[in-house]
Visitor: 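Just dropping this structure here.
For the numbers below, each heavy atom of this structure counts, side chains included, while hydrogens, waters and symmetry mates do not. In what follows, residues are counted from 1 in the order of the sequence shown.
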Amino acid sequence: MAEILKTYKVNKYFTEPEKFHVIKDIDMSIHTSEFVSIVGKSGCGKSTLLYLLSTLDTNYEGRIEINNTVVTGLSQNELAKFRNENIGFIFQFHFLLPEFTALENVMLPALKRGKFSKEEIEAMAMEKLGSVQMRDFAMKPSGKLSGGQQQRVAVARALINNPKIIMADEPTGNLDSVNTGLVFDIFKELAAKGNTIIAVTHDNDFAGKSDRIIEMKDGEIVR
């Protein structure tokens with residue numbers, strides 16, 4: 001199976017209040033359509049690593065290659081374009097615009113990309129909302145949705161540009177067991193269709209059902 005993400009000796013330091021080595025010599029590879037969970041105790045560096053992999057944080061040593069592109073050293077404009085075309089990101093807190101409808105929130109990344117007409121993007125967004133069982137709530141302001149519904153809208157938003165990789169930071173951290181199960185099932189279905197999923201999680205049940213677990217401790221991969 002082809003590798004879609006590779007890192008070479010990635011190191012990250014925090015400098016405030018004093019210098020701290022938070023990510024240590026990370027060599028890792030993720031394969032196309034693999035569903036990977038990154039686990040470890042709070043403070044082990046797993047979310048920091050995810051932000052490096054997603055290109056949201058560029059202050060590191062080493063090299064990261066995604067979808068046959070070396071992203072290390074690219075400009076911020078180049079990285080923004082690369083992310084919008086290749087990576088969908090899901091946060092623990094959904095960061096939806098509360099005054100916008102669910103449909104409008106999902107459309108935003110595609111409108112920013114500018115590849116399709118507004119009508120085409122609206123149809124695509126409705127299809128993505130349907131895939132997360134939220135089509136019936138498309139016209140409802142996101143601020144009026146439940147937490148679980150908002151997170152599913154956030155998943156649909158991450159999917160709108162058909163990214164190769166979905167990266168998720170504690171995507172079920174604020175969800176009950178029912179919505180956690182729904183989000184997990186969505187991820188499994190996406191992986192089956194060829195998407196790659198990389199999720200940071202504290203949920204052992206969630207991680208245990210993914211394809212592979214990467215365990216971190218003190219900034220290093222230990223398993």
Visitor: What closest approach, in Å, do V39 and A207 show between heavy atoms, and which atom pair accounts for it?
Guide: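 Answer, listing the atom of V39 first, then A207: CG1-CB, 3.7 Å.
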Visitor: Please evaluate residues E65 and T72 with respect to the criterion side chain to side chain contact (heavy atoms under 4.5 Å, CB included), reporting the C-alpha separation (whole Å), side-chain torsions for both, the decisive distance (0.1 Å), and the verdict.
Guide: CA-CA 7 Å; E65 183 178 324; T72 304; over 6 Å; no
Visitor: Would you please say whether a donor-acceptor pair under 3.5 Å links the side chains of K81 and N86?
Guide: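 Short answer, no.
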Visitor: Check whether any side-chain heavy atom of I64 sits under 4.5 Å from a side-chain heavy atom of V10, and report yes or no.
Guide: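 Sidechains of V10 and I64: in contact.
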Visitor: Just so I know, are the side chains of E220 and D25 near enough to count as touching, which here means a heavy-atom distance under 4.5 Å?
Guide: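 No, their side chains stay 4.5 Å or more apart.
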Visitor: Which residue, H21, K24, E61, forms the side-chain hydrogen bond (donor to acceptor under 3.5 Å, both in side chains) with N11?
Guide: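 The residue from H21, K24, E61 that satisfies side-chain hydrogen bond (donor to acceptor under 3.5 Å, both in side chains) with N11 turns out to be H21.
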Visitor: Hey, is the main chain of I186 close enough, under 3.5 Å, to the side chain of E189 for a donor-acceptor pair?
Guide: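 Here the side-chain-to-backbone pair does not exist.
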Visitor: Taking Q150 for its side chain and S142 for its backbone only, find out whether a donor-acceptor pair lies under 3.5 Å.
Guide: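 It does hold such a pair.
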Visitor: For residues V132 and L182: do they belong to one hydrophobic cluster (side chain heavy atoms under 4.5 Å, members Ile, Leu, Val, Met, Phe, Trp, Tyr)?
Guide: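 Different hydrophobic clusters.
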Visitor: Determine whether L129 and F116 fall in the same hydrophobic cluster, where Ile, Leu, Val, Met, Phe, Trp and Tyr are linked whenever their side-chain heavy atoms lie under 4.5 Å apart.
Guide: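 Shared cluster, yes.
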Visitor: Counting N and O atoms only, with roles assigned by atom type, does the side chain of Q149 sit under 3.5 Å from a partner on the main chain of S146, one being a donor and the other an acceptor?
Guide: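 Pair found, side chain donor or acceptor close to backbone of S146.
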Visitor: Are V22 and L50 linked, directly or through intermediate hydrophobic residues, by side-chain heavy-atom contacts shorter than 4.5 Å (ILVMFWY only)?
Guide: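 Linked, L50 and V22 end up in one cluster.
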Visitor: Do Y51 and Y8 share a hydrophobic cluster, counting only Ile, Leu, Val, Met, Phe, Trp and Tyr and linking them when any side-chain heavy atoms are less than 4.5 Å apart?
Guide: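 No, Y51 does not connect to Y8 through the hydrophobic network.
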Visitor: Using modelled atom types and a 3.5 Å cut-off, is there a donor and acceptor pairing between side-chain atoms of N105 and backbone atoms of T101?
Guide: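 Between the backbone of T101 and the side chain of N105 there is a qualifying donor-acceptor contact (under 3.5 Å).
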Visitor: Quick one: are K115 and I121 in side-chain contact, heavy atoms under 4.5 Å?
Guide: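 No, every pair of side-chain atoms sits at 4.5 Å or beyond.
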Visitor: Atom CG in L96, atom CG in L108: separation rounded to 0.5 Å?
Guide: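 These two atoms lie 9.5 Å from each other.
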Visitor: Look up atom NZ in K46 and atom CD1 in I214, then write down how far apart they are to the nearest 0.5 Å.
Guide: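 Spacing of NZ (K46) from CD1 (I214) equals 13.0 Å.
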Visitor: Can a donor-acceptor pair be found, under 3.5 Å and without considering hydrogens, that links the side chain of D27 to the backbone of K9?
Guide: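 Yes, D27 side chain to K9 backbone: donor-acceptor pair under 3.5 Å.
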Visitor: For K41 and K217: C-alpha separation, side-chain torsions, deciding distance, then whether side chain to side chain contact (heavy atoms under 4.5 Å, CB included) applies.
Guide: CA-CA 7 Å; K41 293 181 179 179; K217 181 179 180 181; over 6 Å; no
Visitor: Roughly how far apart are S210 OG and I198 CD1, rounded to 0.5 Å?
Guide: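 Rounded to the nearest 0.5 Å, the OG-CD1 separation comes out at 11.5 Å.
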Visitor: Between D211 and V36 (side chain of the first, backbone of the second, donor and acceptor by atom type, cut-off under 3.5 Å), is there such a pair?
Guide: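 No; zero donor-acceptor contacts below 3.5 Å.
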Visitor: Run E170 and T201 through side chain to side chain contact (heavy atoms under 4.5 Å, CB included) and show every step you take.
Guide: CA-CA 5 Å; E170 298 286 359; T201 184; 4.2 Å; yes
Visitor: Where do K6 and E3 land on the salt bridge (Lys or Arg N to Asp or Glu O under 4.0 Å) test, with the steps shown first?
Guide: CA-CA 7 Å; K6 293 182 282 188; E3 293 175 324; 3.7 Å; yes
Visitor: Tell me whether the NZ or CZ atom of K12 lies within the 45° cone about the ring axis of Y60 and under 6.0 Å from its centre.
Guide: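 Checked: cation-pi criterion not met.
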Visitor: Say you draw a straight line from CZ of F187 to OG of S37; how long is it, rounded to the nearest 0.5 Å?
Guide: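 Between atom CZ of F187 and atom OG of S37 there are 9.5 Å.
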Visitor: Between atom CD of E99 and atom NZ of K144, what is the distance when rounded to the nearest 0.5 Å?
Guide: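 Here the interatomic distance stands at 12.0 Å.
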Visitor: Does V178 offer a backbone N or O that forms a donor-acceptor pair with the side chain of D176 under 3.5 Å?
Guide: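 Yes, because the side chain of D176 sits within donor-acceptor range (under 3.5 Å) of the backbone of V178.
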Visitor: Does any part of the side chain of T196, heavy atoms only, come nearer than 4.5 Å to the side chain of I166, both counted from C-beta?
Guide: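 A side-chain contact is absent here, since even the closest heavy-atom pair is not under 4.5 Å.
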Visitor: Kindly give the heavy-atom pair with the smallest separation between I26 and T7, and that separation in Å.
Guide: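 Heavy atoms of I26 and T7 come nearest at O-OG1, 2.9 Å.
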Visitor: Can you tell me if R83 and T55 form a side-chain donor-acceptor pair at under 3.5 Å?
Guide: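 Indeed, the side chains of R83 and T55 share at least one donor-acceptor pair under 3.5 Å.
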Visitor: K193 versus K188: any side-chain heavy-atom pair under 4.5 Å?
Guide: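 SC-SC contact between K193 and K188 ruled out.
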Visitor: Mind telling me whether F35 and F184 have parallel, tilted or perpendicular rings, with 30° and 60° as the class edges?
Guide: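 Aromatic pair F184/F35 classed tilted.
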Visitor: Which heavy-atom pair separates I197 from L190 by the least distance, and what is that distance?
Guide: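 Closest pair (atom of I197, atom of L190, distance): CD1-CB, 4.1 Å.
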Visitor: Going through the distances and angles, do I221 and E215 end up as a side chain to side chain contact (heavy atoms under 4.5 Å, CB included)?
Guide: CA-CA 6 Å; I221 292 175; E215 183 177 356; over 6 Å; no
Visitor: Check whether any side-chain heavy atom of M167 sits under 4.5 Å from a side-chain heavy atom of I87, and report yes or no.
Guide: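 They are in contact (side-chain heavy atoms under 4.5 Å apart), so the answer is yes.
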Visitor: Taking side chain as C-beta onward, heavy atoms only, is M216 less than 4.5 Å from I38?
Guide: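 Yes, close enough: below the 4.5 Å cut-off.
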Visitor: Is the backbone of P171 close enough, under 3.5 Å, to the side chain of Q151 for a donor and an acceptor to pair up by distance?
Guide: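 Looks like yes, one N/O pair under 3.5 Å.
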Visitor: Return the minimal non-hydrogen interatomic distance between R135 and E127, and the atom names on each side.
Guide: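 Here R135 and E127 meet closest at NH1-N, 4.1 Å.
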Visitor: If you look at every heavy atom in I160 and A110, which pair is closest and at what distance?
Guide: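 The pair with the smallest heavy-atom distance is CG1-CB, 3.7 Å.
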Visitor: Is M126 linked to F100 within one hydrophobic cluster, defined over Ile, Leu, Val, Met, Phe, Trp and Tyr using a side-chain heavy-atom separation of less than 4.5 Å?
Guide: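 Different hydrophobic clusters.
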Visitor: So which heavy atom on S47 is nearest to which on V200, and how close?
Guide: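 It is OG-CG1, 3.8 Å.
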Visitor: Taking C-beta and beyond as the side chain, do L53 and M28 meet within less than 4.5 Å on heavy atoms?
Guide: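 Touching, per the 4.5 Å side-chain cut-off.
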Visitor: Could you check whether atom CG of D57 has more than 12 heavy atoms from other residues, nucleotides or ligands sitting under 6.0 Å from it?
Guide: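 It does: D57 CG has more than 12 such atoms within range.
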Visitor: Quick one: CG on L159 to OG on S131, what's the gap to the nearest 0.5 Å?
Guide: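 Here the rounded value is 5.5 Å.
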Visitor: Donor-acceptor pair, distance only, cut-off 3.5 Å: does the side chain of R157 make one with the backbone of P109?
Guide: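 Checking the backbone N and O of P109 against the side chain of R157, no donor-acceptor pair under 3.5 Å is found.
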Visitor: For the backbone of E119 and the side chain of E122, can you confirm whether one donor and one acceptor N or O come within less than 3.5 Å of each other?
Guide: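 Checked: no pair found.
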Visitor: Determine, stepwise, if the pair D185 / K209 fulfils salt bridge (Lys or Arg N to Asp or Glu O under 4.0 Å).
Guide: CA-CA 10 Å; D185 289 343; K209 293 184 289 187; over 6 Å; no
